[in-house]
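After the structure tokens below, expect a handful of questions from me.
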Amino acid sequence: MAIVADAASYCYHIENCLECEKSEFIENITNVLPRLYLDFATISSDDIIASEDYMFMSSYIDEEYYNSTRNKIARILGHHDTYLETFEEDMKYSDTPIAVNISESLADIFQPLYNFISSVKETNGENLEGSYKECKDSFEEYWSQTLCNVMRPLNQLRYKFEEN
């Protein structure tokens, strides 16, 4: 199933971000994020047939692992980690720009995808539909917007990358 492969690819690139150059990391992530968006956006939650007694996904990421992941991404991006977010809800009430971090956005996407992949592995695919449904629901609730927002600064870094 392509969605499992794309989610696994994303998690792999995030977990191993320090093993490549910044430009390679950005290229890898900007290649997989649009595929993930299409994977989760093109299938409706109604199309997922999960039995009513499916197991809810466990959280495989604790705060320490989340922060470690975010910090690794921040380290590879360096001063390119921060960008101004125009879709932040608080922006309409603020006179000053709101800065967010690419590393936090990517870690926020990583968390449900890592849980999805881990759940599929742990159940040998037997809970695929339930795991997919939970990840799809979280995609619709929050990380789809995060993905779209973080693509803009990543795209700029990919195509206007300057080492400063």
Under a 3.5 Å cutoff, is there a donor and acceptor pairing between the side chains of Tyr83 and Gln156?
no
Over 60° means perpendicular and under 30° means parallel, so tell me whether Phe139 and Trp143 are parallel, tilted or perpendicular.
perpendicular
Give the minimum heavy-atom separation between Ser131 and Ser119, together with the two atoms involved.
OG-OG, 2.6 Å
Between Ile29 and Ile14, is any pair of side-chain heavy atoms under 4.5 Å apart?
yes
Can you give me the closest heavy-atom contact between Lys22 and Leu77, atom names plus distance?
NZ-O, 3.5 Å
Return the minimal non-hydrogen interatomic distance between Met151 and Thr30, and the atom names on each side.
CE-O, 4.1 Å
Heavy-atom pair with the smallest gap, counting every atom of Ile117 and Ala7
CD1-CB, 3.6 Å
Any donor and acceptor pair, going by atom type alone, linking the side chain of Tyr10 with main-chain N or O of Leu106 inside 3.5 Å?
yes
Okay, side chain of Asp81, backbone of Ser103: is any donor-acceptor separation there less than 3.5 Å?
yes
Flag side-chain contact, heavy atom, 4.5 Å: Ser138 against Phe116:
no
Residue pair Arg70 / Asn67, side-chain donor-acceptor N/O under 3.5 Å
yes
Can you hop from Leu147 to Tyr12 via hydrophobic side chains spaced under 4.5 Å?
no
For Ile61 and Tyr66, work out which heavy atoms get closest and say how close.
CG2-N, 3.7 Å
Using a strict cut-off of less than 4.0 Å between a Lys/Arg side-chain nitrogen and an Asp/Glu carboxylate oxygen, indicate whether Lys133 and Glu129 qualify as a salt bridge.
no
CG-CD1 distance between Leu36 and Ile3, expressed to the nearest 0.5 angstrom:
7.5 Å
Contact summary for Cys135 and Leu113, nearest pair of heavy atoms
SG-CD2, 3.9 Å
Ignoring hydrogens and geometry beyond distance, is a side-chain donor-acceptor pair present between Tyr65 and Glu15 at under 3.5 Å?
yes
